[in-house]
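Single-structure report; data block below.
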Amino acid sequence: MNRINQTLQQDKKLLSIYFTAGYPDIDDTLPIIKDLEKSGVDFIEIGLPFSDPLADGPTIQKSSTAALKNGMTTQKLFEQVQGIRDSVRIPLIMMGYFNPILQFGVENFCKKCAETGIDGLIIPDLPVEEYHENYQQIFEKYDIRNIFLITPQTAEKRIRFIDSVSKAFIYMVSTASVTGSTSGFSRETRDYFQKVSALNLKNPQIVGFGIKDKETFGQATEYAKGAIIGSAFIKHLNENGTKNISDFIKNIR
Amino acid sequence: MSYQVNKKGYYGDFGGAYIPEMLYPNVEELRSQYLSIMQEASFQKEFKDLLRDYVGRPTPLYYAERFSKKYGTKVYLKREDLCHTGAHKVNNTVGQILMAKRLGKDRIIAETGAGQHGVATATVCALMGIKCIVYMGEIDIERQAPNVARMKMLGATVVPAKSGSKTLKDATNEAIRDWINNPVDTHYIIGSVVGPHPYPDMVARFQSVVSEEIKNQLQEKEKRENPDYVVACVGGGSNAAGAFYHYLDIPKVGIIAVEAAGKGIQSGESAATSALGKEGIIHGSKTLLMQSEDGQITEPYSISAGLDYPGVGPMHANLFRSGRGEFISITDDDAMKAGAQLAKLEGIIPAIESSHALAIFEERKFKPDEVIVVNLSGRGDKDLSTYIDYFNL
């Protein structure tokens with residue numbers, strides 16, 4: 001069974017952490033992954049940096065620009081995670097925009113993921129229809145899970161379509177925004193979490209965007225299976241480098 | 001086979017809507033309604049009235065006699081430079097502001113490079129009394145002070161794009177992020193035939209008035225609707241899309257797209273996307289774009305800010321790949337010479353973008369009885385400081 005699906009069966013609220021590969025330094029990818037696992041994180045999202053990250057706010061944009069300047073490439077990232085399954089057991093998901101993956105070759109990318117032990121992908125600008133028509137078979141051939149986003153503006157019919165195509169979890173964007181731009185969840189947002197939960201989808205939901213501390217993690221996981229922290233963790237790296245990662249995680253739960 | 005967009009939003013292999021889910025409702029709202037709104041009689045009337053009374057259409061189709069004599073062929077100039085605000089850009093912004101009103105939007109965002117599209121957007125927002133925010137790269141704001149002032153005078157807020165390379169592509173990213181953050185009340189007026197479907201098609205339709213007029217005017221002057229060739233410069237490609245539109249599916253009309261070679265195609269400082277680009281995704285569209293081997297989008301270069309875009313609209317990518325269009329690239333130097341020459345031969349100072357289209361006659365020869373229409377997309381006022389610096393005027 002895919003590691004993501006195994007983890008989703010655990011009877012607890014799951015914490016996933018996003019970071020940009022190659023940031024703060026080009027060789028920080030592995031140490032960060034290992035520290036995160038040691039700190040008790042349940043999933044890790046490894047960001048493949050892109051020159052034009054449309055859906056990201058300033059914090060992740062800056063980390064992407066810096067990572068590219070540090071020399072991060074798709075090839076380099078796969079080299080860094082080569083052999084990672086000798087030491088890391090939790091699910092690893094790569095998050096990246098579609099163009100670099102398209103240039104690497106979608107099949108080649110999935111194959112590399114399977115070889116190195118990457119379990120899933122999040123590609124924000126690959127729409128579900130395009131995936132379903134052109135790429136789903138390739139992903140399934142290599143047992144790579146593709147994770148889709150939904151937002152408060154996503155209609156129920158579309159949520160159900162996304163649920164039918166998904167085979168791991170649904171990435172529930174908390175508010176209509178780019179990453180890193182909210183502070184605390186409104187009543188309205190929490191109602192939306194509850195409403196999606198009441199749809200009884202076959203895939204659990206993991207909330208992303210706007211989670212940064214114990215309070216927001218608690219609110220996000222009141223109805224959802226877990227939550228993802230991205231910008232807040234990048235900010236921690238900005239301020240502390242790769243030190244004290246376990247302190248950051250302890251402050252979440 | 002048609003060179004128009006198909007039902008799924010593709011031109012051959014190119015187009016589509018590669019957008020984050022956060023943008024889906026906005027884009028889907030537009031996609032599902034743009035055609036029916038554009039076909040409404042009241043929309044058509046309002047659009048045509050504004051193009052006539054506000055923009056100053058139809059723009060003349062001018063037989064450039066001395067220019068024609070020099071090159072031994074018959075050259076007509078479609079005078080988009082005479083449009084209000086100085087370029088064809090306003091055809092699209094008039095159409096889109098009417099679209100935004102019918103969609104019930106009361107906030108407009110736009111991206112701009114040199115500032116021409118920003119000015120055209122600020123203009124129609126002032127006309128309609130709608131709030132306008134224009135994203136512009138921090139570097140472009142420094143380079144294009146007069147247009148920044150024009151936008152401010154027209155009541156728009158100009159927001160500097162500070163991410164990435166701080167130019168047009170980053171301004172476009174910032175506008176898209178704004179749209180993600182404001183999904184309900186905001187319409188995004190894209191300035192070219194780029195972006196996710198339905199933008200390339202919608203913008204092309206608003207610009208298609210250019211070739212519609214060429215047909216009527218040529219009938220009057222030459223007793224034929226169809227020229228032998230229609231020539232236009234291509235950055236994103238909106239003036240070209242307008243000039244080509246009604247000729248796309250008439251094979252006997254040759255289509256010539258002129259790109260900016262910058263300092264030379266192999267110089268590393270160029271914007272000739274057809275020569276240097278590879279298939280990929282930029283701003284929600286699958287098209288040809290300039291990128292690194294690793295799929296990172298690279299910075300183009302041209303002396304002309306309007307041609308300085310790393311991609312090209314999907315319609316043009318398909319014209320290139322299918323061979324329907326002939327693609328020529330022109331260096332900075334050759335474009336500047338062609339601009340200076342038109343000023344002296346015809347008393348018209350063209351935008352440097354349009355100068356690229358005029359420059360092809362040095363290399364590309366035509367027969368004496370052939371009729372060539374060049375879309376003179378904009379006037380050179382905005383480029384005066386570049387002309388001054390280049391020629392030490």
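Just the heavy atoms: all of them, side chains too, but no hydrogens, waters or symmetry mates, feed the values below. The chains referred to below are lettered A, B, ... by the order of the sequence lines, with proteins before strands, and numbering in each begins at 1.
- For the atom pair CG (Leu68(A)) and OG (Ser292(B)), the distance works out to 8.5 Å, reported to the nearest 0.5 Å.
- Shown are Gln296(B), Lys278(B), Glu293(B); of these, the side chain to side chain donor-acceptor pair (under 3.5 Å) with Gln103(A) is made only by Lys278(B).
- In terms of non-hydrogen atom pairs under 4.5 Å with chain B, the most contact-rich of Thr151(A), Asp52(A), Thr73(A), Val128(A) is Asp52(A).
- Within 6.0 Å of CD in Glu115(A) there are more than 12 heavy atoms belonging to other residues, nucleotides or ligands.
- Between Lys76(A) and Asp294(B), the closest side-chain pair of non-hydrogen atoms is not below 4.5 Å.
- Taking a cutoff of 4.0 Å between a charged side-chain nitrogen and a carboxylate oxygen, Lys8(B) and Glu129(A) do not qualify as a salt bridge.
- The part of Leu289(B) that comes within reach of chain A is its side chain, from C-beta onward, which places non-hydrogen atoms under 4.5 angstrom from that chain.
- Per-residue counts of heavy-atom pairs under 4.5 Å with chain A were compared for Glu279(B), Arg177(B), Met22(B); the largest is that of Arg177(B).
- Under the 4.5 Å side-chain criterion, counting only non-hydrogen atoms from C-beta, Asn173(B) is not in contact with Gln61(A).
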As a quick check of understanding, evaluate side-chain contact (heavy atoms from CB on, under 4.5 Å) for Val184(B) and Gln153(A), giving each step before the final call.
CA-CA 9 Å; Val184(B) 181; Gln153(A) 268 72 38; 4.3 Å; yes

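- When all heavy atoms of Leu54(A) and His283(B) are compared, the pair lying nearest together is CD2-CD2, 4.4 Å.
- Contacts with chain A were tallied for Ile281(B), Leu23(B), Asp170(B), Ile282(B); Ile281(B) has the most, counting heavy-atom pairs under 4.5 Å.
- Of the listed residues (Ile297(B), Thr298(B), Asn26(B), Thr172(B)), the greatest number of heavy-atom pairs within a distance under 4.5 Å of chain A belongs to Ile297(B).
- Chosen from Lys162(B), Lys286(B), Gln291(B), the residue pairing most often with chain A at heavy-atom distances under 4.5 Å is Gln291(B).
- A distance of 12.0 Å separates CD in Glu21(B) from CG in Asp125(A), rounded to the nearest 0.5 Å.
- For a residue to count as touching a neighbouring chain, one of its non-hydrogen atoms must lie under 4.5 Å from one of that chain's; by this rule Phe50(A) touches chain B with backbone and side chain alike.
- Interface remark: Ile180(B) contributes backbone and side-chain atoms alike to the contact with chain A (heavy atom separation under 4.5 Å).
- By the 4.5 Å heavy-atom criterion applied to side chains, Tyr18(B) and Glu130(A) are counted as neighbours.
- Interface residue Ile162(A): only side-chain heavy atoms are found under 4.5 Å from chain B.
- Pro127(A) approaches Ile19(B) most closely through the heavy-atom pair CG-N, 4.1 Å.
- Salt-bridge annotation for Arg158(A) and Glu28(B): absent, with no side-chain N of the basic residue lying under 4.0 Å from a carboxylate O of the acidic one.
- Within a 6.0 Å radius of NZ in Lys202(A), other residues, nucleotides and ligands contribute more than 12 heavy atoms.
- Contact count versus chain B (heavy atoms, under 4.5 Å) is highest, among Pro53(A), Gly57(A), Pro58(A), for Pro53(A).
- Counting heavy-atom pairs under 4.5 Å between each of Ile150(A), Thr65(A), Thr74(A) and chain B puts Thr74(A) at the top.
- Residue Pro20(B) comes nearest to Ala55(A) through the heavy atom pair CG-CB, 4.1 Å, listed as atom of the first residue, atom of the second, then distance.
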